[in-house]
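Quick note on labels: first sequence line is chain A, next is B, and so on, each numbered from 1.
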There are 2 protein chains.
Amino acid sequence: MSQDGPGIDLETSLGYLLKEASSALRAAMDAVLRPLGMTVTHYSCLELLAQRPGLSNSELARGAFVTRQSMNVLLQALERDGYVTRPAEAPVGKVLPTRLTPRGRRSLATATAAVRSVEVRMLSGMTQAQQSAAFTALQSMIGSLKDQDARG
Amino acid sequence: MSQDGPGIDLETSLGYLLKEASSALRAAMDAVLRPLGMTVTHYSCLELLAQRPGLSNSELARGAFVTRQSMNVLLQALERDGYVTRPAEAPVGKVLPTRLTPRGRRSLATATAAVRSVEVRMLSGMTQAQQSAAFTALQSMIGSLKDQDARG
DNA sequence: TGACTCATGTCAGCATTCTGACATAAATTG
DNA sequence: CAATTTATGTCAGAATGCTGACATGAGTCA
């Protein structure tokens with residue numbers, strides 16, 4: 001069965017499949033967000049702020065899987081265009097808590113609908129049990145991989 | 001519970017978890033490949049060529065989830081450094097079939113060992129049944145998302 | 001209290017990838 | 001057979017993200 005002899009069989013590799021699924025999801029999200037003039041990172045930032053108002057730049061960066069620096073330039077653009085607000089000075093420490101403006105909330109609402117349609121389609125061929133299994137499996141993978149990071 | 005009311009609950013979203021897992025996997029692979037002077041795309045290209053010799057630039061790009069243009073610049077570097085070879089002229093059509101050199105094969109061997117250790121760790125906390133379930137689930141997601149692409 | 005470590009926000013420079021575009025060859029279609 | 005469509009390789013410019021670096025504030029520990 002061309003098992004783990006010479007290389008890693010990409011046809012049966014969970015890692016490769018994970019990358020493929022993630023890539024397909026990102027492409028699908030990009031496709032529905034583009035007409036709204038939004039990128040995936042853009043949307044992720046807004047969604048994070050809706051659920052946890054007052055998040056800092058660094059926390060948003062971790063939540064959207066980009067660096068602080070990248071999130072910083074995005075936040076500057078979002079602030080300039082009136083989607084979010086940040087205090088001019090940090091109320092405590094250096095952390096600048098960010099919040100959605102009404103305009104940001106409206107923009108997020110339409111984006112959320114688009115993204116939800118993608119997620120629904122992604123799950124359309126799966127039973128509830130399969131979804132639960134996938135959820136557990138992904139959490140397990142994440143835990144193992146993060147563990148490694150901590151040890152290294 | 002905070003179900004699908006206002007936004008998408010990132011804590012229970014399979015899409016978000018998928019992105020998180022993929023990000024963690026990429027970070028882990030980057031960490032083990034960096035000492036070898038390799039990037040993930042770099043490694044993916046070599047692994048693809050080992051399993052399917054003679055792949056073209058465009059086919060490699062699809063397999064590594066990047067654009068033709070990006071793969072093209074990578075291939076030029078790999079060719080310059082003697083990891084792969086491409087004929088100066090296309091034997092048929094415009095397709096330039098790429099092949100690993102012995103040096104490329106040696107380089108891939110060490111990289112494969114490193115990547116395999118990451119994948120083993122990723123699967124360490126999962127039963128065989130869980131792995132099978134995850135495999136099926138991911139394939140289902142990919143199928144649904146690609147379907148959408150075709151229809152759009 | 002003072003030294004040390006850690007996290008944050010931000011700037012500058014660099015690398016990587018993507019978008020747009022073009023010419024060419026194969027496949028398809030009428 | 002001719003025309004259209006599709007796919008490929010490649011170039012140039014733009015956008016995006018990252019690495020490196022710095023100053024500052026908070027927490028820790030002796």
Side-chain angles (χ1 to χ4, degrees), chain A residues 19 22-23 26-31 33-35 37-45 48-49 52 54-81 84-99 149-150, chain B residues 19 22-23 26-31 33-35 37-45 48-49 52 54-81 84-99 149-150:
Chain A
K19 174 71 180 173
S22 180
S23 174
R26 186 178 188 88
M29 287 178 66
D30 261 327
L33 288 175
R34 184 184 306 270
M38 248 190 237
T39 70
V40 174
T41 306
H42 187 137
Y43 157 76
S44 300
C45 178
L48 282 163
L49 283 174
R52 311 223 290 274
L55 243 44
S56 72
N57 176 26
S58 290
E59 292 168 319
L60 286 169
R62 279 190 292 269
F65 309 106
V66 296
T67 60
R68 289 173 294 165
Q69 293 87 333
S70 296
M71 182 54 70
N72 192 36
V73 311
L74 173 60
L75 279 183
Q76 287 176 355
L78 290 178
E79 190 172 14
R80 169 173 51 78
D81 296 343
V84 305
T85 54
R86 282 193 295 180
E89 287 191 1
V92 53
K94 298 192 67 177
V95 176
L96 295 176
T98 310
R99 292 182 179 278
D149 258 8
Chain B
K19 173 71 180 173
S22 179
S23 174
R26 186 177 188 89
M29 287 178 65
D30 260 327
L33 288 175
R34 183 185 307 269
M38 249 190 237
T39 70
V40 174
T41 307
H42 186 138
Y43 158 75
S44 300
C45 178
L48 282 164
L49 283 174
R52 311 223 291 273
L55 244 44
S56 72
N57 176 28
S58 290
E59 292 168 318
L60 286 169
R62 280 190 291 270
F65 309 107
V66 296
T67 61
R68 289 173 295 165
Q69 294 87 334
S70 296
M71 181 55 70
N72 193 34
V73 312
L74 173 59
L75 279 182
Q76 287 176 355
L78 290 179
E79 191 172 13
R80 169 173 51 77
D81 297 344
V84 306
T85 55
R86 281 194 294 181
E89 288 191 359
V92 53
K94 297 192 68 178
V95 176
L96 295 176
T98 310
R99 293 183 178 276
D149 258 8

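Inter-residue side-chain proximity for S70(B) and L74(B) is flagged as unmet; no heavy-atom pair is nearer than 4.5 Å. Counting heavy atoms from C-beta on, the side chains of T85(A) and T98(A) never come closer than 4.5 Å. With contacts defined as side-chain heavy-atom distances shorter than 4.5 Å, the pair L33(B)/V40(B) qualifies. Two residues are said to be in side-chain contact when any heavy atoms from C-beta on lie closer than 4.5 Å; L75(B) and R86(B) meet this criterion. At a threshold of 4.5 Å between non-hydrogen side-chain atoms, the residues N72(A) and R68(A) do not count as touching.
Listed nucleotides: dC18(D), dT10(C), dG9(D). Nearest to the side chain of N72(A): dT10(C). Looking at the side chain of Q76(B), the nearest of the listed nucleotides dT8(C), dC11(D), dC18(C) is dC11(D). For S58(B), whose side chain is taken as the heavy atoms from C-beta onward, the closest listed nucleotide among dT10(D), dG9(D), dT10(C) is dG9(D). Nearest nucleotide to the Q69(A) side chain, out of dT24(C), dT19(D), dT10(D): dT19(D). With distances taken from any side-chain atom of N57(B) to the nucleotides dT8(C), dG9(D), dG17(D), the minimum falls on dG9(D).
In this structure, M71(A) and N57(A) approach most closely via the heavy-atom pair CG-OD1, 3.1 Å.
Summarising the geometry, the separation between CG on L74(B) and P on dC11(D) is reported as 15 Å, rounded to the nearest angstrom. The interatomic distance linking K94(A) (NZ) with dA26(D) (C1') rounds to 11 Å, in whole Å. Between the CZ atom of R68(B) and the P atom of dA21(C) there is a distance of 14 Å, given to the nearest Å. One interatomic measurement links the two molecules: CG of L96(A) to P of dG25(D), which rounds to 12 Å at whole-angstrom precision. With rounding to whole Å, R86(B) atom CZ is found 8 Å from dG9(D) atom P. The distance between atom CZ of R62(B) and atom C1' of dG9(D), rounded to the nearest whole Å, is 13 Å. Note: CZ (F65(A)) to P (dC18(D)) measures 12 Å, nearest angstrom. One atom, NE2 of H42(A), and another, C1' of dA15(D), lie 16 Å apart when rounded to the nearest Å.
Within the nucleic acid shown, T39(B) has no heavy atom closer than 4.0 Å to any nucleic acid atom. Heavy atoms of T41(B) sit under 4.0 angstrom from primed sugar atoms or phosphate atoms, though from no base atom.
Rotation axes derived from the C1' atoms of the five outermost pairs at either end of the helix from dT1(C)-dA30(D) to dG30(C)-dC1(D) lie 40° apart, to the nearest 10°.
Toward the 5′ end of DNA chain D lies the nearest nucleotide of S70(A), the other residue of the pair G93(A) and S70(A) mapping further downstream.
At least one side-chain nitrogen or oxygen of T67(B) sits closer than 4.0 Å to the OP1 or OP2 atom of dC18(C).
Side-chain atoms of S44(A) and T41(A) form no donor-acceptor pair, as typed in the model, at a separation below 3.5 Å.
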